[in-house]
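Only one structure is covered here, and it is reproduced in the block below.
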Amino acid sequence: DTGVSQNPRHKITKRGQNVTFRCDPISEHNRLYWYRQTLGQGPEFLTYFQNEAQLEKSRLLSDRFSAERPKGSFSTLEIQRTEQGDSAMYLCASSSEAYQPQHFGDGTRLSIL
Amino acid sequence: SQQGEEDPQALSIQEGENATMNCSYKTSINNLQWYRQNSGRGLVHLILIRSNEREKHSGRLRVTLDTSKKSSSLLITASRAADTASYFCATDAKNYGQNFVFGPGTRLSVLP
């Protein structure tokens with residue numbers, strides 16, 4: 001069990017640029033979740049996958065955000081035309097089944113200049 | 001509004017004392033989980049309690065669940081400086097689909 005891995009750990013970019021983050025879940029976990037966390041708040045659900053199928057998306061997720069999990073293993077989260085309000089920590093988590101404990105990566109901290 | 005709310009928002013205690021954090025939620029749940037987050041790191045799962053359970057223990061952690069009051073508490077006994085972190089409850093409210101909803105957390109500081 002090598003844990004959930006996220007890359008990069010930090011990303012600094014200018015407003016309007018596109019960014020992509022990667023998450024490698026625990027290998028035997030078929031569920032993968034993306035969250036956004038701002039300072040002093042709890043993680044906010046963005047979307048989740050069961051294998052390669054994206055089963056649920058938050059209504060807060062604008063159309064500038066897209067996530068994929070093409071082979072049911074790693075996942076990517078892309079933000080297009082970044083805005084100042086996108087600055088946050090983006091967390092990925094995986095679990096073996098629904099309603100089971102989630103294992104989190106250490107996140108990607110995004111800063112928009 | 002968020003499904004879960006922790007109370008207090010911040011707690012500062014001396015090493016060796018007990019720390020109690022509370023979580024209230026709004027709708028029916030399948031289970032409730034507690035997580036810890038150290039600064040700049042991801043969340044770490046501590047304990048899961050199912051809706052038909054009332055109390056659960058894990059080492060120095062004790063979690064209670066009162067579904068009639070829609071509340072849970074996390075007790076950390078004999079706290080250590082290493083327990084300094086933010087603590088979050090997460091609920092899988094049945095009408096939130098199959099994802100978890102986290103509260104804003106309690107920031108615990110354990111002073112040596």
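A, B, ... follow the sequence lines: proteins, then strands. Residue 1 opens every chain. Every heavy atom of this structure was used, including side-chain atoms; hydrogens, water molecules and symmetry mates were not. Note that the structure is predicted; figures quoted are calculated from it, not measured.
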May I ask you to list the residues in residues 11-18 of chain B that approach chain A closer than 4.5 angstrom, counting heavy atoms only, ordered by number? none

Would you find more than 12 non-hydrogen atoms of other residues, nucleotides or ligands less than 6.0 Å from A:Leu39 atom CG? no

Testing the basics here: between B:Phe88 and A:Gly42, what is the closest heavy-atom pair and its distance to 0.1 Å? CE2-CA, 3.4 Å

Atom group of B:Gln37 that falls short of 4.5 Å from chain A, counting heavy atoms: side chain

With a 4.5 Å cut-off on side-chain heavy-atom distances among I, L, V, M, F, W and Y, is there a chain of contacts connecting A:Phe49 to A:Leu91? no

What part of A:Gln37 is in contact with chain B, defined as an atom under 4.5 angstrom from a non-hydrogen atom: side chain, backbone, both or neither? side chain

Group every Ile, Leu, Val, Met, Phe, Trp and Tyr by side-chain heavy-atom contacts under 4.5 Å, then state whether A:Tyr90 and A:Phe45 land in the same group. no

Taking side chain as everything from C-beta outward and backbone as N, CA, C, O, which of these in B:Leu48 sits under 4.5 Å from a heavy atom of chain A? Side chain, backbone, both or neither. side chain

Mind checking which of residues 57-68 of chain B sit less than 4.5 Å from chain A, heavy atom to heavy atom? none

Quick check for you: among B:Leu46, B:Ile47, B:Leu43, B:Asn38, which has the greatest number of heavy-atom pairs under 4.5 Å with chain A? B:Leu43

Supply the members, apart from B:Leu111, of the Ile/Leu/Val/Met/Phe/Trp/Tyr cluster built from side-chain contacts under 4.5 Å; use none for a lone residue. none

Only distances under 3.5 Å count here; give the side-chain donor-acceptor pairs of residues 9-16 of chain A to other protein atoms, sequence neighbours excluded, each with its distance to 0.1 Å.
residue: A:Arg9; atom: NE; partner: A:Gly107; partner atom: O; Å: 3.2
residue: A:Arg9; atom: NH2; partner: B:Gly40; partner atom: O; Å: 3.4

How far apart are the closest heavy atoms of A:Gln102 and B:Phe100, and which atoms are they? NE2-CD1, 2.6 Å

